[in-house]
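Predicted model, so just to flag it, every value in this text is computed and none were measured.
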Amino acid sequence: MNERANQPAMISERYNPGAAEPKWQSVWDENGTFVTENHDPRPKYYVLEMFPYPSGRIHMGHVRNYTMGDVVARYKRAKGFNVLHPMGWDAFGMPAENAAMQNKVHPKEWTYENIANMRAQLKAMGLSLDWSREFATCDVDYYHRQQQLFLDFFEKGIVYRKESKVNWDPVDQTVLANEQVIDGRGWRSGAVVEQRDLTQWFFKISDESEDLLEKLDTLKEWPEKVRLMQRNWIGRSEGLRIHFEFSGPKPANHESIEVFTTRPDTLFGASFMALSPEHPIAATIAKDDPALQDFVEECRRLGTSVAALETAEKKGYATGYSVRHPFVENQELPVYVANFILMDYGTGAIFGCPAHDQRDLDFARAYGLPVRPVVVPEGTEPESFEVGDVAFTEDGLLANSEFLDGLTIEEAKEEVASRLETRTVSEKPAATRQVNFRLRDWGISRQRYWGCPIPIVHCDTCGVVPVKSEDLPVKLPDDVVIDRPGNPLDRHDEWRNVACPKCGKPARRETDTMDTFVDSSWYFARFTDPKADDPTNPEVANAWLPVDQYIGGIEHAILHLLYSRFFARAMSKTGHLAVDEPFKGLFTQGMVTHETYRTDTGDWKSPAELRFEDVDGTRRAFDRETGEEVSIGGIEKMSKSKRNTVDPTDILETFGADTARWFMLSDTPPERDLEWTSKGAEGAFRFVQRVYRLFYEFQNLNPEVKEMSNFGSDALEIRKAAHAALANVESDIEKLGFNRAVARIYELVNILGRIELTADMKEDVLAAYSEALTILANIMAPMTPHLCEECWSLLGSKSLLAEAPWPTCDHQLLIEDLITLPVQVNGKKRGSVTVAVDADQQSVEDAVLAEDFVQKALDGKPPRKLIVVPKRIVNVVV
RNA sequence: GCCCCCUUGGUGAAAUUGGUAAACACAGCGGACUUAAAAUCCGUAGCCUUCGGGCUUGCCGGUUCAAGUCCGGCAGGGGGCACCA
């Protein structure tokens, strides 16, 4: 134990966070208080916050996120768990390259400098992190193991290459994610985005669709909202694949068109077939049809950009071919190629049933195709039912459908499926039941420098050859020039040209790097043994995982969390883990918001530039320099563009970490958006001072506290209040109800603050007060650890509060002898009655009926009903 | 367009999951201490009232002895997906 740990940082009337916070941080650090051992007999608890991107400075969102995680970590540690609470850096990505281009600084240098800055900021928050496990995803040691994972996935067929359409920015010479294409243009360059076919690496996440969907039900400690979003994203639908045979001429090598439908019940309403422009049959037909070639080319040009999709009309090209209706003799359906059919969902072909699908209806109206309703609302005559411009997609009964007439939709689906299953079309079953998913494979290739290199070599003789494990890591070259768009790895011949690992002939490295989402898909596993030679030490990783409580922003509800769930499965299949679900508990915190300010000319102003005045009861804002009035706008997420940010560093310097932490936890439930206000921060600071004063004044009294066994009623009240707060704070933290825990602490502090400390205090009151302060320091410590450590030492403790066990609640104290029940008359509260807590039904009834206000209400008559809810309420019905 | 969530005082919210609506805090108001300020402390506070009481959880209706909580409808706000057959 460090010598200084015995002593408070100061003994003064006012708490000085500037002195206390660094002191206690270094004491914890020197004592290794938060270093976690992998082998420990205590039960494990893994709490993790989403690791930050090292942008250079922490923001209020980080403060909120990491404060919540720290409360849980400190609380669980006090409760006797071996807590793993690590921190690292999601350090690859575009901003480093952009900074490199703008400021002529190497991405590596820029990133590590940012990390150093942000680490110092996080340390100033007093987080109970095990910094010995820290790593950045751009550390060679980390991406080395990621390359090993890639090779293992490759061997198991979990990763593969395929040609796919990408959004290509011709100016920046890179692939853009769909989110980076705005109105058909690149978000940075503004260039019109092209559709290109590129060969890209993919993870086979779609193989796990069913499991990823099913296991969502087991994630009971996840927000329902996130599970729903994932469910929709995976997008399961059940349906039927049906072969439609060509009637008359057939395109070369094709006997039939296979479609996927979720509405086989509407088969009799079919009036056309439509193929995706990318469908192989369309390509076959186009060979002999220049007009179709033109049409396909036009669709390709319009592409899949959001803007194109929103405005595109339904367009089609009649191929002249047609197929047979499976049930209606002599009915032929014309085959179109249509721009609204997606190749990568289902089979890339549909049968169109205009009456019951809006898209099909729009198409049919444009091309004069028949619209025949085959489902009508119950109780409607089929003859009188017509479809106008809106397709009928609601429930109803089958009509105009021969053997299906009168059936429900579900019955009809089943009937069609069972009839077609047993039939054959060119020796294959005419239909098969199938489950389809919206989820597509995860394309991970990025044409960028600052990412994890894909450990593959392309050889003219051997093709795609994985780098040998023993030759890993494939290190990023440091000597790159990032002065123009495109991937500098492509231009780095020395790095690029290597011998083929198989045949030794000259070959070329894969120059694509991995999507940064890959990096963040397994970091939680690496934290369990960050120095291991393999990606994980399975024994250790399996002991720690799953993460018991994961905390982060809702913006990661789908991609990051889904990818991580996929990775856990893929890593389990390759022997690195034995868990499928990486995160047992998930909590998504709300954003930090702030008022916005704008000048008449529309410029945003930051709160630091303004001074505020109350003019006739309204708050108004003025520019500090020019005095110009600025209008106060809406409360929005803190963002650089709206300039409504507050720098955590300023707050830490002015008020200290504990004030910032306390504010973050107070008032607003953690899942909701929290508005940062300077008044609120000042209020939190005042409270920190108030708590300190309780301890300061107590130690100033220099009391001699004796062990007591008998307490008078005053002392008992204090003890009750303290133990009630203890019990409540405990259950609130367990439920992550930090705002409620804060309110309970206010209550206790209010009660203690009303007690006057005097030299001649009764011994039992003194003992109770001392006990209450001890409890207060303990239950508040997870939230304001420096303050509480300081107060703890003021009480004369020789040990560290951060290492102290959670106090035990004396539940006997919380049991009352008497209870006051509200009494309602006809459901409205009219009074109350005080009875023994264990009073039986009859004696409560007697007590209630003896009350004047009840007698008055009854007016001499017996009650019609007398409801007694034990320990809750009484209701007299007259 | 489809799916989901939310709506409680001036403000952030609480309410043991159907049982006293507004705990706790912020802002306010009144007061004490002080030459003054800062700091601190005490008090006060949903609305209406003929002072008996009446009304009150976005609006309308329902179930119930009892509804912020459950059910149906409507309005407003937010989010996710988006030509997914």
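Applying the salt bridge (charged side-chain N to carboxylate O under 4.0 Å, His left out) test to every pair with at least one member in residues 387-396 of chain A, sequence neighbours left out, gives no pairs at all. For residues 219-241 of chain A, no residue pair satisfies the ring-ring contact (aromatic ring centres under 6.0 Å, His included) rule, not counting sequence neighbours.
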Hey, what are the protein-to-nucleotides 36-41 of chain B N/O distances that come in under 3.5 Å?
residue	atom	partner	partner atom	Å
B:U40	O3'	A:R693	NH2	3.1

Report each atom pair, protein N/O against N/O of nucleotides 46-56 of chain B, whose distance is under 3.5 angstrom.
residue	atom	partner	partner atom	Å
B:G54	OP2	A:R830	NH2	3.3

Mind listing the N/O atom pairs, protein and nucleotides 73-81 of chain B, below 3.5 Å?
residue	atom	partner	partner atom	Å
B:C81	O3'	A:R438	NH1	3.2

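Atom CZ in A:F663 sits roughly 15 Å away from atom P in B:A25 (whole-Å rounding).
Side-chain rings of A:F363 and A:Y336 approach one another, their centers coming within less than 6.0 Å.
In this structure, A:S237 reaches the B:A85 phosphate: one of its side-chain N or O atoms is under 4.0 Å from OP1 or OP2.
Looking at residues two or more places apart in sequence or on another chain, you find a side-chain hydrogen bond (donor to acceptor under 3.5 Å, both in side chains) between A:E414 and A:R433. With sequence neighbours left out, A:D207 forms a side-chain hydrogen bond (donor to acceptor under 3.5 Å, both in side chains) with no residue at all.
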Donor-acceptor list for residues 258-270 of chain A side chains, cut-off 3.5 Å, not counting sequence neighbours:
residue	atom	partner	partner atom	Å
A:E258	OE1	A:R241	NH1	3.2
A:E258	OE2	A:R241	NH1	3.4
A:T261	OG1	A:R263	N	2.8
A:R263	NE	A:D265	OD1	3.1
A:R263	NE	A:D265	OD2	3.2
A:R263	NH2	A:D265	OD2	3.0
A:T266	OG1	A:R263	O	2.8

Expected list for residues 730-749 of chain A: side-chain donor-acceptor pairs under 3.5 angstrom, two or more places apart:
residue	atom	partner	partner atom	Å
A:E730	OE1	A:W806	NE1	2.9
A:E730	OE2	A:K79	NZ	2.6
A:S731	OG	A:N728	O	3.3
A:D732	OD1	A:R740	NE	3.4
A:D732	OD2	A:A741	N	3.4
A:E734	OE1	A:K76	NZ	3.4
A:E734	OE2	A:Y75	OH	2.7
A:R744	NE	A:E747	OE1	3.1
A:R744	NH2	A:E747	OE2	3.3
A:Y746	OH	A:W662	NE1	3.4

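Where RNA chain B pairs in unbroken runs of 3 or more (Watson-Crick or G-U, both distances under 3.5 Å), the stems are B:1-7 with B:75-81, B:10-12 with B:24-26, B:28-32 with B:40-44, B:46-48 with B:53-55, B:58-62 with B:70-74.
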Heavy-atom protein contacts under 4.0 Å, nucleotides 18-24 of chain B, coded B base, S sugar-phosphate only, - none: -BB--BS
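Under the 4.0 Å criterion applied to side-chain N and carboxylate O atoms, A:D667 and A:R672 are not assigned as salt-bridge partners.
Within a heavy-atom distance below 4.0 Å of RNA chain B, the residues of residues 343-356 of chain A found are A:Y345, A:I350.
Side chains of A:N644 and A:T596: no donor on one and acceptor on the other come within 3.5 Å.
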